Amino acid sequence: MFSTTQIGIDLGTANILVYTKNKGIVLNEPSVVAIDANTKEVLAIGNEAKNMVGKTPENIIAIRPLKGGVIADYQVTIDMLKQIMKKVSKQVGFSLGKPNVMVCIPAGSTSVERRAIHDAVKAFGAKQVDLIEETIAAAIGADLSVEEPVANVVVDIGGGTTEVAIISFGGIVTAHSIRVGGDKLDDDIIQYVRKKYNLLIGYRTAENIKMEIGFALVDHDELTMEIRGRDLVTGLPKTITLGSIEIQDAIRDPLLAILDTVRYTLENCPPELSGDIVDLGVTLTGGGALLKGMEEWLSNEIAVPVQIAENPLEAVAIGTGRSLSVLHKLQKKAK
Ligand code: ADP
Ligand code: MG
């Protein structure tokens, strides 16, 4: 018997993950597309494209088509999805045919943006496309009891957005999202190094600095790191040593913006659910959760327990896939 393949897609601003029911996560690559600026032809996607960022001739440009969690470039997104599905077919060893697909959508997206995501996925040949709120997927993937009438609080810190939601009884009780995520930290590191050291560094370097010596606003023993860039005065390559304390200061603003959003969401929690938050705490997902000291800092600031999901970078994809089987079971029952 041929059954329809079921696929979950986490269409993140930084990373795209694809989950299939039997094999779990079968693809995890940066959401970057390298295209020929003249012909608009897609030259590479994913890791291959990300490795090209800032290193290619002018006619080859690397695009992140999902900036801010929404489709900024529709055609490129469709092209990227097509290439991704090709890769997935290779990975699983058979053609996907016309799969049923569940895609997560960012909390802050408008109905037009949702429609665009739906249509883009449909356009590459899906049989059925369903959308799920990203934060609900994150909560399911993080093993929270979303079906229970208790407050499950999820903070998903992605590349372009941070989404905070309180989920109870299978739905969102209250949610807020800001277009500030890990990318903003990278931007601020670039600005800081430029101003303080007259040194120009690229996005890859800034992201590495964040991952190696970036700390949320907590006390820590200082770490240092050697980095290279282009001296703005001489125009020549230069190496400097950066310390984690100065980097902490450089990324202060976006961190405080994230904190504000978490606070604001908790303040809007219905009182009957507030008690749960004290007991159950807040769960962090998304790559931003991996910033050193994040758990400790947030927990100090909001005075409730904070835990990081077991696999923060994969939680949304796992939840998206899992929710697909639940949905189709329900639909079969209804028939
Ligand atoms: P999205 O859902 O938007 O695709 P992800 O959840 O995949 O985003 O998270 C990507 C973000 O997480 C990027 O900004 C990346 O730099 C950041 N990130 C990944 N790993 C770490 C780490 N170890 N420390 C700090 N930030 C990290
Ligand atoms: Mg995400």
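No experiment lies behind these values; they were computed from the predicted model shown. This chain uses plain numbering: 1 for the first residue, then up along the sequence. Counting starts at 1 for both ligands and their atoms, in listed order.
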Under 4.0 Å between heavy atoms, the region of K210 that gets near ligand 1 turns out to be side chain
Point to revise | Other residues, nucleotides, ligands: >12 heavy atoms within 6.0 Å of D219 CG | key: no
ask   = Would you call the rings of Y264 and H176 parallel, tilted or perpendicular, where under 30° means parallel and over 60° means perpendicular?
value = perpendicular
Note: L313, heavy atoms under 4.0 Å from ligand 1, region reported as side chain
In this structure, CD1 of I247 is separated from CD1 of I227 (nearest 0.5 Å) by 7.5 Å
Touching ligand 1 at all, G288? Heavy atoms, strictly under 4.0 Å?
yes
min-distance protein heavy atom vs atom 10 (C) of ligand 1 -> A14 CB, 3.6 Å
So the atoms of ligand 1 within less than 4.0 Å of a heavy atom of G286 turn out to be 6 (O)
Ligand 1 atoms nearer than 4.0 angstrom to some heavy atom of D183 are 14 (O)
Under 4.0 Å from one or more heavy atoms of L291, ligand 1 contributes atoms 24 (N), 25 (C)
Q. Okay, side chain of T162, backbone of V180: is any donor-acceptor separation there less than 3.5 Å?
A. yes
Numbered in order shown, the ligand 1 atoms found under 4.0 Å of a heavy atom of E207 are 13 (C), 15 (C), 16 (O)
shortest atom 7 (O) of ligand 1-to-protein heavy-atom contact is with N15 ND2, 2.7 Å
>> Between E222 and S244 (side chain of the first, backbone of the second, donor and acceptor by atom type, cut-off under 3.5 Å), is there such a pair?
In response: yes
Worksheet item: So, is D10 polar-close to ligand 1, with some N/O to N/O distance under 3.5 Å?
Response: no
> Hey, is CD on E310 packed in by over 12 heavy atoms from elsewhere, all under 6.0 Å?
Replying inline: no
Ranked by distance from atom 9 (O) of ligand 1, the top protein heavy atom is G287 N, 3.2 Å
